Amino acid sequence: MASVNLPQCSPAKSALSCCQGEDGSNENVRVHHSSNNNYLIQEKHSFPKRPEVDLAFKNVRYEVKEWNVRNVIPVTKEILHGVSGEFRAGELAAIMGPSGAGKSTLLNVLAGFNVHGAAGEILVNGRVRVAHSERWRRTSCYIQQDSHLRAGLTAGEAMTLAAHLKLGYTISSAYKHTQVLELLEMLGLNHCYETLCGRLSGGQKKRLDIALELLSNPPVIFLDEPTTGLDSASCSQCIALLQRLAKVEKRTVICTIHQPSALQFEMFDSLYALSDGQCIYRGPVQCLVPHLSSIGAQCPSYHNPADFLMEVAIGEYGITVDSLAMAVNQSSWDYKKPAITDSKPNAEIVPTPVTKEPPPPAGFLAQCFLLYRRKLLCIKRDYNLLVVRLLCHLFIGVIFGYLYRGSGYRANGVLANYAYLYGSLLLIVYTGKMAVTLAFPLEMQILTREHFNRWYRLAPYYISTLMFEVPFQAACAATYLAVSYWLTGQPIESHRILSFLVVSIAASLTAQAWGFFIGATTPVRIAVFAGPIIAVLFSVFGFCIRYMDTPSYFRWIFHISYFRAGFHSLLYTVYGFGRKDLSCDDIYCHYQKPNIFLNEMEINDTNVVNNFVLIVVIGVLMHLLTASALWCKLNRR
Ligand SMILES: Nc1ncnc2c1ncn2[C@@H]1O[C@H](COP(=O)(O)OP(=O)(O)OP(=O)(O)O)[C@@H](O)[C@H]1O
């Protein structure tokens, strides 16, 4: 194939000069690097040396399966059509292209964030990267477009906790504190040490995102649209910061970007342009305009090359994407280093001897403790929701207690008491389930980011979440139960009170486990109705319908319903265990002998211990399923 003849293009020559006016003037686009680069100018911080990483990829394809209403069978859609390229250590690379071109998809595939559906080779220092490589995760970091910071932590606290998690306890706290202070200073955030993350500006949040990841000094940094939402000045500062990060420690910095200004565009070392899932340019930014002009697209005078690229990509110059892609394959670039795309057999990155691995992260128990502490810190700053949750339980306990007052000891109040017990269980099952069903999906974004960047493992995260949520839900349920039990006049006998509390709280916690499962596996929009539907389905069996009246194909639900087990146990706790006759202030009270009621309800042979065991087993099972589902979500993307 004939190669495209490129005009003379030196990396030192500004891309802007290719679009200058006829008089050669480019006054309007004069570059002021230093004024943009407020951060990192005086870098005092010294990182432990990490290996330099060159990243190459060959014939990368990515496809997704799409379902639509008309097709029962999913349709496969290819988003990346066999793209190749390379990114070098010490360079700031931009991935650009029109909206929907596949920029984020390529970044996700290169970062290892999306593995499922990806094909092709990704080479790290010339060696094929294995899918889900743990080593790669520790070598790179991925900073997503939206900042997922905990609003309730100050920047200093967020950095300190991240330092403990990522750098572990083999190095002193004093050293970590110095690292935190120096990094914050380096990124121009030292005055934000005491500022809550939720109150930081968009640009400050982006810089804090970067600072958090720099604690472990990853040699490769991926950023998805780091400048989105920033004003022009913050945008330039952000790119200047990335440029310095690439230069200072010879990091490989790759980011997707939308429409940078001419000045910002020139700050990138290399460009990878995509359109419709195909590569339409790869190489130094300075060579973009000469390359496009060589295939018949002349950049108008005083035009921003980044805008020009977009116009070419969407076909405004009459060149098809296929022709652009073909021109890329035919052109040869004058790179400073030899090509890095020769693959060696499957292996992970081998650091050069002069480099040092970062210290090991915190151990299992330390991670549990740190994550729990982080949760408590956030709650300390924003406890309103928890107070409301607790007060609601107290309030509804008083209301229920008042409505059903005295029904616990009166023979003609048995049916009212039956409704109270059912309503009480339904209430604590709902509050246990829905509080986490809706809150957990919001946690997922933070968890995904931090887990992907290897701040901690899933198990400590899940355990620390339970360490808070379980006692709190138990306290809420106990508050409601204590108040309403007393007001409704249930028997004041220690074994009944104990059994009542233990069974009710266990049912509430099992419902909470269901809530975690639904929240972790379904989107919020589905979770809001899936949670109540499941709760109602299980609650029907054992309350509105007796076992003998249930069609045989539904009877299995009786056996696995933790709600049925809980409800029957509560009834037995109140009316069983040899309870004496109830007080009757009418001429005749049908349920004066509690056994009559238990017989009619077919629960006279209820085994409270067995039911309790069933409730606990279902709860534990749901937590195990949740943890497994989360693990798959986080590790098998
Ligand atoms: N999971 C998915 N299922 C179906 N289509 C998808 C999926 N992910 C991406 N796509 C499609 O692939 C194309 C590329 O998406 P991608 O997000 O990579 O584009 P982009 O270049 O980053 O766009 P933008 O600049 O607008 O963010 C789009 O048409 C998008 O609709």
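What's counted below: heavy atoms across the whole structure, side chains too, no hydrogens, waters or symmetry copies. A quick note: this is a predicted structure, and the numbers were derived from the prediction, not measured. Counting convention: from 1, in listed order, for ligands and their atoms alike.
- The contact set between ligand 1 and K77, taken as ligand atoms under 4.0 Å from a residue heavy atom, comprises 5 (N), 11 (C), 29 (O), 31 (O).
- Residues T76 and E63 bring no donor and acceptor atom of their side chains to less than 3.5 Å of each other.
- The single protein non-hydrogen atom nearest to atom 2 (C) of ligand 1 is V64 CG1, 3.7 Å, given as residue, atom name and distance.
- Exactly one of M96, E266, M267 qualifies for a side-chain contact (heavy atoms from CB on, under 4.5 Å) with P260. That residue is M96.
- Residue contacts with ligand 1: G102 is placed with a nitrogen or oxygen under 3.5 Å of a nitrogen or oxygen of the ligand (distance criterion only).
- With respect to K103 and D224, no salt bridge is recorded, no charged nitrogen being found less than 4.0 Å from a carboxylate O.
- Under a 4.0 Å criterion applied to the non-hydrogen atoms of E225, ligand 1 contributes the atoms 25 (O), 27 (O).
- Protein heavy atom closest to atom 4 (C) of ligand 1, with residue, atom name and distance, is E66 OE2, 3.3 Å.
- Listed by atom number, the atoms of ligand 1 under 4.0 Å from I79 heavy atoms are 6 (C), 7 (C), 8 (N), 9 (C), 10 (N), 11 (C), 12 (O), 13 (C), 14 (C).
- Of the possible donor and acceptor atoms, one in the side chain of T522 sits under 3.5 Å from a partner among the backbone N and O of I518.
- Considering K166, R454, R138 as possible partners of P361, the one that fulfils the side-chain contact (heavy atoms from CB on, under 4.5 Å) test is R138.
- Between the K205 side chain and the H148 main chain, no donor and acceptor come within less than 3.5 Å of each other.
- For the residues G100, S275, G277, the heavy atom positioned nearest atom 20 (P) of ligand 1 is part of G100.
- At the shortest separation from atom 15 (O) of ligand 1 among protein heavy atoms lies T105 OG1, 3.7 Å.
- In terms of modelled atom types and a separation under 3.5 Å, the side chain of Y272 and the main chain of S84 share a donor-acceptor contact.
- Distance from atom 17 (O) of ligand 1 to its nearest protein heavy atom, with residue and atom name: S104 CB, 3.8 Å.
- At the top of the distance list for atom 26 (O) of ligand 1, counting protein heavy atoms only, stands S99 OG, 2.6 Å.
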